[in-house]
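Notes to accompany the following structure.
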Number of protein chains: 4
Amino acid sequence: MPKEEQANRTFTQNARRTQIIQAAIETLAEIGYQKTSFNQISKRANLRSTGMISYHFSGKPELYSEVAATVLAMAEETTGSRMEREETFRGRLRAYIEANFEFLARYPAHTQALAQILMMDCGRDITRSQTLARSVLSVERLSLLLEQGRSAGEFGAFDALTMALAIRGALDGVLRRYLKNVDLDLERCAAELTAAFDQCTRPRQ
Amino acid sequence: MPKEEQANRTFTQNARRTQIIQAAIETLAEIGYQKTSFNQISKRANLRSTGMISYHFSGKPELYSEVAATVLAMAEETTGSRMEREETFRGRLRAYIEANFEFLARYPAHTQALAQILMMDCGRDITRSQTLARSVLSVERLSLLLEQGRSAGEFGAFDALTMALAIRGALDGVLRRYLKNVDLDLERCAAELTAAFDQCTRPRQ
Amino acid sequence: MPKEEQANRTFTQNARRTQIIQAAIETLAEIGYQKTSFNQISKRANLRSTGMISYHFSGKPELYSEVAATVLAMAEETTGSRMEREETFRGRLRAYIEANFEFLARYPAHTQALAQILMMDCGRDITRSQTLARSVLSVERLSLLLEQGRSAGEFGAFDALTMALAIRGALDGVLRRYLKNVDLDLERCAAELTAAFDQCTRPRQ
Amino acid sequence: MPKEEQANRTFTQNARRTQIIQAAIETLAEIGYQKTSFNQISKRANLRSTGMISYHFSGKPELYSEVAATVLAMAEETTGSRMEREETFRGRLRAYIEANFEFLARYPAHTQALAQILMMDCGRDITRSQTLARSVLSVERLSLLLEQGRSAGEFGAFDALTMALAIRGALDGVLRRYLKNVDLDLERCAAELTAAFDQCTRPRQ
DNA sequence: TATGAATGAGACTTCATTCAT
DNA sequence: TATGAATGAAGTCTCATTCAT
């Protein structure tokens with residue numbers, strides 16, 4: 001009887017959970033939130049029944065939370081390590097933007113799945129949770145970075161939260177377009193965005 | 001027997017359609033795309049059965065298309081007229097950003113509903129239609145504005161489409177946060193964003 | 001307020017009823033019993049609402065009864081007059097078969113509509129009514145013809161009802177095939193069937 | 001999660017499918033095609049909801065196809081084995097007619113259900129499928145038999161297809177009457193029809 | 001007479017979830 | 001642990017019929 005609070009999971013249980021989460025990611029990316037059902041997910045996971053999913057997850061919310069957490073953790077790796085190599089806050093901002101594109105290029109399905117879930121998260125199951133707020137991808141973390149950079153005199157006198165929302169939004173806008181229509185040249189987009197936000201975060205005379 | 005191709009609608013029919021569209025907007029804004037059903041909408045429209053909705057609209061796609069068209073038309077008014085008053089492209093860009101905030105402040109539910117529909121529009125029923133593409137709010141129109149401004153020497157040498165996606169995305173990001181959490185000071189956000197994009201669209205030396 | 005038992009109909013009412021009946025025939029022939037709804041019929045009759053049909057007919061059963069009666073009356077003309085010209089019972093049987101094909105060739109839609117209605121008549125609204133039983137097309141009348149011919153020594157000693165059912169069934173079988181697939185050569189079919197039943201009704205030695 | 005392409009069905013699934021098919025047959029025979037709904041069928045199958053039917057069959061078309069296939073398979077047994085015992089084509093024709101009556105007498109509900117489905121099969125889901133075309137009961141097979149018999153000199157020079165349509169139609173006509181009104185003496189009908197078609201397929205001088 | 005808006009029952013279908021095995 | 005059959009609520013849609021005008 002799984003579904004316990006966390007821990008206490010056997011190796012097998014974790015394997016199953018991972019397998020299901022992976023299948024959920026693929027399904028969300030492939031057919032979209034609307035058409036994604038336990039049935040679809042279980043097919044992609046080569047499970048013989050949807051009961052398996054209900055058995056390992058308390059319900060759709062938990063499954064989707066786990067999907068989000070998984071993707072966020074992966075993004076954390078890519079992005080976090082990329083940012084830590086930079087010494088200036090300005091350098092970290094550039095790294096943040098570039099890392100977002102790198103992740104998209106490497107894991108489009110994961111990005112897609114996360115986007116789908118966050119968009120539909122109206123009950124705020126995920127958004128309200130700490131999982132997202134603590135992620136390096138979060139507006140909050142980005143806002144903090146800007147704030148610190150401003151204190152250090154690297155950035156101008158803008159409002160950190162608004163700028164963070166703008167940067168995150170701009171990234172999401174470009175990412176979303178790419179996911180719909182792969183014609184975008186990601187490298188060029190990355191360069192354009194880093195340049196743009198590099199410019200508009202400059203101290204204004 | 002409604003559901004006819006277009007036109008040919010009586011006064012009463014149009015009134016009902018409007019009423020239903022309005023109820024759909026409120027429902028989408030209030031409980032989100034997922035939970036929005038004909039049942040919920042008909043309750044909010046004080047209709048006795050969902051049959052009434054099916055009677056006036058061929059189905060969910062038509063209803064949602066009409067919702068989108070309605071909101072876009074309203075936005076067109078606010079935004080379009082605000083932009084036309086400007087003479088420079090740079091001025092129009094500022095007006096565009098400001099008008100987005102004005103509309104949001106005046107019609108938060110409409111903005112919310114439109115956002116929900118466009119996000120879920122994976123079948124591209126609406127996105128692919130001309131309704132959106134021709135709207136002032138569209139990335140395409142914004143991109144065109146930037147392109148023209150660049151030709152006129154008002155803007156720098158950035159890629160117009162990427163910048164348009166970024167601006168639209170930044171706006172959506174801030175809007176979305178406001179819709180989740182009304183604590184944002186919209187006027188200040190507007191000022192920050194106009195300043196930010198005014199700066200980063202400048203010709204770079 | 002129409003819907004009265006019969007009579008008492010004004011000229012206009014009768015015109016409307018005829019118009020609706022005609023539209024029903026076309027609809028049944030074109031799209032089949034299943035898809036035939038008041039809505040479809042009213043469109044084909046250029047009526048502005050299905051209310052019109054309910055206003056002139058007490059319901060679907062009455063409408064379909066009238067359709068059946070109309071077609072049967074037309075068939076009566078074709079077939080009856082054709083048969084009366086014959087002097088022998090054997091001649092009348094041939095005439096009966098030939099007239100069925102003539103009618104089919106001239107009024108395929110009417111034949112189709114009647115067939116659809118009689119097939120679906122499980123409540124026996126029509127079959128049980130006298131309209132059909134009294135028709136020259138009915139098995140009963142055909143059976144009577146055979147009986148009389150037998151008494152007159154023209155036919156063999158078969159069971160009249162069974163033979164009548166067989167002849168009527170054979171005609172329906174060929175007709176139905178023609179209605180599905182117009183490749184049949186009706187004249188040849190008519191000749192074949194007259195010959196066949198001419199032979200098998202002969203007095204057997 | 002059933003509804004798979006074919007095979008891969010467990011014992012239980014097949015049992016349920018059979019049960020539902022049986023209930024569908026009874027329902028069709030009892031209340032007719034029009035009134036037969038998943039609701040009615042599920043009641044007769046002692047299922048608690050119509051969802052069960054949708055769970056085992058992809059939809060009405062699949063269910064009805066299976067009903068038709070089931071009945072045709074049963075008829076194949078009765079009729080096929082009865083015909084194979086005959087050595088002449090003429091003998092087989094007689095066997096064919098007699099077997100039809102035998103089947104009707106033994107399985108009136110099945111006959112009724114099949115008749116209902118084939119009559120309403122306007123989309124030709126079933127008729128167009130090979131299930132019917134390959135059945136012994138089909139006009140095609142009957143036509144072939146007549147053709148072969150004619151080549152062998154056993155039958156006269158009639159058109160095989162027309163005669164096959166006539167025989168099949170005659171059988172259906174008698175069968176249908178019996179199903180509506182059980183007063184017919186099936187044995188006598190069988191004798192009459194075999195005699196009749198024996199006579200009219202004779203080589204004519 | 002005629003209109004057409006409104007109704008509400010009922011159809012089919014999907015789905016997350018439960019439960020006996 | 002895993003299976004998969006079963007459930008039943010909820011969803012969208014169709015339709016004959018009613019009724020105020």
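Chain naming here is simple, since letters A, B, ... match the order of the sequence lines and numbering starts at 1 in each.
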Measure the shortest side-chain to side-chain distance between [X] and [Y] over non-hydrogen atoms and say whether it is less than 4.5 angstrom.
| X | Y | value |
| --- | --- | --- |
| A:Thr131 | A:Leu72 | yes |
| B:Ile41 | B:Leu28 | no |
| D:Val67 | D:Leu114 | no |

From [atom1] of [X] over to [atom2] of [N], roughly how many Å is that when rounded to an integer?
| X | N | atom1 | atom2 | result |
| --- | --- | --- | --- | --- |
| C:Ile53 | F:dA16 | CD1 | C1' | 10 Å |
| C:Tyr64 | F:dA16 | OH | C1' | 11 Å |
| A:Phe11 | F:dT1 | CZ | P | 12 Å |
| C:Lys43 | F:dA16 | NZ | P | 12 Å |
| A:Glu62 | E:dT17 | CD | P | 11 Å |
| C:Arg9 | E:dT1 | CZ | C1' | 15 Å |

Completion exercise
What one should report as the nearest heavy-atom pair of B:Ile117 and B:Tyr64 is CD1-O, 3.8 Å
Exercise for the section: Work out which heavy atom in D:Gly59 is nearest to a heavy atom in D:Phe38; give both atom names and the distance. Expected result: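 Nearest heavy atoms, D:Gly59 then D:Phe38: C-CZ, 4.1 Å.
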Handout entry: Main-chain N/O of D:Tyr33 paired with D:Gln116 side-chain donor or acceptor, under 3.5 Å
Key =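 The answer is yes, because a donor-acceptor pair under 3.5 Å joins these two groups.
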Practice task
Could you summarise the pairing of DNA chain F as dot-bracket text, marking Watson-Crick and G-U pairs under 3.5 Å with ( ) or [ ] inside the strand and | across strands?
Solution key: .||||||||||||||||||||
Go through the side-chain N and O atoms of [X] and [Y] and say whether any donor and acceptor fall under 3.5 Å apart.
| X | Y | value |
| --- | --- | --- |
| D:Gln40 | D:Arg44 | yes |
| D:Thr50 | D:Asn39 | no |
| B:Arg16 | B:Gln19 | yes |

Problem - Contact list for DNA chain E against residues 22-42 of chain A - heavy-atom distance below 4.0 Å - result: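 Of all residues in residues 22-42 of chain A, the ones placing a heavy atom under 4.0 Å from DNA chain E are A:Ser37, A:Phe38.
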Exercise for the section: State plainly whether the residues C:Glu62 and C:Arg17 are in salt-bridge range, i.e. N to O under 4.0 Å. Expected result: yes
Handout entry: Letter per nucleotide, 5' to 3', of nucleotides 2-9 of chain E [B base touched, S only sugar-phosphate touched, - untouched; heavy atoms, 4.0 Å]
Key = SSBBBBB-
Problem - Option passing side-chain contact (heavy atoms from CB on, under 4.5 Å) with C:His56 (candidates C:Leu63, C:Leu47, C:Ile20) - result: C:Ile20
